[in-house]
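To start, the structure under review is shown below, and the notes come after it.
All chains are named by letter (A, B, ...) in the order of the sequence lines, taking the proteins before the strands, and each is independently numbered beginning at 1. No experiment lies behind these values; they were computed from the predicted model shown.
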Protein chains: 2
Amino acid sequence: MSPTGEHRSAAPSPADHRTGAEPDGQPGRRTRRARSRPDRPAATIGRVAEAAGVSRATVSRVMNGSPTVAPELAARVRAAAEALNYEPSLVARSLALGRTSTVSLIVPDLANPMFQDVLRGLSHAAGTHGHRLLVAESNENAAEEAILAVEARRRSDGLVLAAPRVPEAELRALSERLAPLVLLNRDLPGSSVPSLSVDYSAGIAAIVAHLRSLGHRRLLYLAGPAASTSNRDRRAALRAACASEPACTFVELACGATFDDGHAAARAVRDADATAVVAFNDMVAFGALSGLHELGVAVPQDISVTGFDDIPFARYTTPPLTTASIPRNELGRQAWDRLWTLMNGGPAGHNVAFQPRLLVRESTGPVPAGRSAQRS
Amino acid sequence: MSPTGEHRSAAPSPADHRTGAEPDGQPGRRTRRARSRPDRPAATIGRVAEAAGVSRATVSRVMNGSPTVAPELAARVRAAAEALNYEPSLVARSLALGRTSTVSLIVPDLANPMFQDVLRGLSHAAGTHGHRLLVAESNENAAEEAILAVEARRRSDGLVLAAPRVPEAELRALSERLAPLVLLNRDLPGSSVPSLSVDYSAGIAAIVAHLRSLGHRRLLYLAGPAASTSNRDRRAALRAACASEPACTFVELACGATFDDGHAAARAVRDADATAVVAFNDMVAFGALSGLHELGVAVPQDISVTGFDDIPFARYTTPPLTTASIPRNELGRQAWDRLWTLMNGGPAGHNVAFQPRLLVRESTGPVPAGRSAQRS
DNA sequence: ATGAAAGCGCTAACAA
DNA sequence: TTGTTAGCGCTTTCAT
């Protein structure tokens, strides 16, 4: 419920679970297990076979569209199935077949648009091949990531895993039990586990090159969450890109990953000795843009700002944001391709690193006159 | 791959699947079925029992933490399990237990932030109770919705279904096979299927009341996709809200659901005889805001604009958007509560309609002077 | 073309 | 406390 209570609802309390035991006294003629809907016993292949006067094997054949069944019999079976409202048990089927036609996706954070898109792409691609998708969120917790991965894998035929937190040694130890496995945004050097990732370094490098071409030499990095690997990647890439240029310096400002984080940093940004700010992501950049605007700092006239991710809104900020776009949908689709190949005994293939694409819009411009030299 | 080819990658073609048959000639000693990883036979409860010199029942007891096992035996079993890298088969377990510890969610569109939040809430709540989540997307296709629902339900113990397209009669016919079932954003009058929904009408009514209190009498509705039920709901609510007031008129302009749709409508909005525009959703409102700005029309001085949904960005448009917020996370959590109650034989409870909350920000204001009367 | 029967890997009632 | 045994509902070999 909304804490303010302004979203009213007539919901009952979640409780009221009966656990165990027969609700009513009657032992019933059900063999051993209590069924979920005790009233109607749920049709089984056996009952259908009985009703149609054929063997279970024949029912199975009909249900699976085997062509070797006499039309007359097939019709009888279908009628019986229809009458009994028969639905083959997919669980039993999975057990007999040794496969579930399900794959799993583990992500650290379902709120992250990147993973939402991976989810979409994967779900869609898997669906195309008659497979379903199981999803689980690890909430950025390393222990949880490993446990979830193992469990999810046991329920399915393959796993797409985005697990930035699991230590490499542990992941390596697990990788055999998790196969067929596709890794997202990290790899396992020397193993045969395929990995799909976004080359954040290349994206940062492109941004820095762009900024340098505009004359910027003093950069400010608005850092993401300290625990985030992508923040570490981006920072390292920024450091490397700067280091390769003699007169290029960069300072870092702890910030965060949200609009509000960026907004709150605006004052510090203005007071810093930098001509361009490289934000951890678009949200932060957007927040900074907004805060800077309120302080009367003009972008890009007074200072340039870049984002990262190319979220849909990046086109619509004022000014529109220069950023690096990453192929989010593609990741999910390709993850499926890899997994499916693996599931069919195919090779792992080469790992791929998707290169972000620099999108120059209006939040970056030349260094303001008189600021090309150190200020203090 | 990106059509432009600018996101390069070294991906192999998705093909190369071997199908059926033993890859190599050897029939092997594996009983009947080809295992997915022919190399290591995958430990079963039987093998562990054998290795530990106990019965399968004992292994089962140990794996499930039954306290009635001698510590010495338990240790031996655990050691054997460890040594064999044993993982109990969840499929077999599900079959024996008659439950999967999995629930399913079917949504029309995974790109819709509303459903993304439902997904998150549901996944999290289910996880708390040791359940996993299966998701499927119907792509707004009625036939698909029904089929997916049945199939997903068969793989799991319960279903949360957002199926705006399935005809009521069909849904009613299906509802028994789908139980335990929780419906999102629609209900099944007279049935015992719980339903959780957002009261769009109330949201629209609140928006209209707000606009009227500012003196607006001539409203323009920027309509969503014609096929969308929520568009129909909102339009109907708008009509009703207007009809209840003598001097209130509203006209409708076909638009869409995206920023670009709203942006493209700006000229028509300016030329229409209306003092306030009620947009289908925030994205459209945002697009309109942007387009109006480019045309030199001031919001809210010249015209007021409202959105719907309170997407995160609504706070950050210029001007910040007056809109109606809906409790998206809450929906997923409550859906779980309902489903869990049902799964435990509990009652369906009362349906709930979440009331949107009006958020008055800066995109609405009083009717411009001299425009309170009909223009032409 | 059809059926009988032996699994798939696990759980649980019952006996010891 | 532990083992025996009979399922859970389906598929598939093998014989007919």
Short side-chain to backbone donor-acceptor contact, B:Ser60 and B:Arg56, under 3.5 Å: no
Residue-phosphate contact under 4.0 Å: A:Thr44 side-chain N/O, D:dG9 OP1/OP2: no
Side-chain N or O of B:Ser55 closer than 4.0 Å to phosphate OP1/OP2 of D:dT4: no
From [atom1] of [X] over to [atom2] of [N], roughly how many Å is that when rounded to an integer?
| X | N | atom1 | atom2 | value |
| --- | --- | --- | --- | --- |
| A:Arg56 | C:dC8 | CZ | C1' | 13 Å |
| B:Asn64 | C:dG9 | CG | P | 17 Å |
| B:Arg47 | C:dC8 | CZ | C1' | 12 Å |
| B:Arg154 | D:dC10 | CZ | P | 9 Å |
| B:Ile45 | C:dG7 | CD1 | P | 18 Å |
| A:Arg93 | C:dG9 | CZ | P | 17 Å |
| A:Glu72 | C:dT2 | CD | C1' | 13 Å |
| B:Leu95 | C:dG9 | CG | C1' | 9 Å |

B:Glu82/B:Arg78 ion pair, N-O < 4.0 Å: no
Closest approach of [X] and [Y], non-hydrogen atoms and distance?
| X | Y | value |
| --- | --- | --- |
| B:Leu188 | B:Glu168 | CD1-CG, 3.9 Å |
| A:Gly127 | A:Arg132 | CA-NH1, 3.7 Å |
| B:Ala149 | B:Leu159 | O-CD2, 3.8 Å |

5' precedence on DNA chain C between B:Arg61 and B:Tyr86 (nearest-nucleotide basis):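 It is B:Tyr86, whose closest nucleotide lies nearer the 5' terminus.
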Which residue lies more 5' along DNA chain C, comparing A:Thr68 with B:Leu90 via nearest heavy atoms: A:Thr68
Given DNA chain D, 5'-ward residue of the pair B:Pro71 and B:Ala92, judged by closest heavy atom: B:Pro71
Touch class at under 4.0 angstrom, heavy-atom based, for B:Ala57 against every strand present: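 Result for B:Ala57 = base.
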Sugar-phosphate, base or nothing in reach of A:Val59, heavy atoms under 4.0 Å: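 Touches nothing.
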Exceeds 12 heavy-atom contacts within 6.0 angstrom, atom CZ of A:Arg99: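 Check fails, neighbour count at 12 or below.
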Parallel, tilted or perpendicular: rings of B:His131 and B:Trp340 (30°, 60°): perpendicular
Which nucleotide in the list [options] gets nearest to the side chain of [X]?
| X | options | result |
| --- | --- | --- |
| B:Ser89 | C:dC10, C:dT2, D:dG9 | C:dC10 |
| B:Thr58 | C:dT11, C:dT2, D:dT2 | D:dT2 |
| A:Val54 | C:dG3, D:dT2, D:dT11 | C:dG3 |
| B:Leu73 | D:dC10, D:dG3, D:dT2 | D:dT2 |

Full working for side-chain contact (heavy atoms from CB on, under 4.5 Å) between B:Leu119 and B:Val107: CA-CA 9 Å; B:Leu119 168 58; B:Val107 299; over 6 Å; no
Rounded (10°) bend between the five-pair end axes of the helix from C:dA1-D:dT16 to C:dA16-D:dT1: 40°
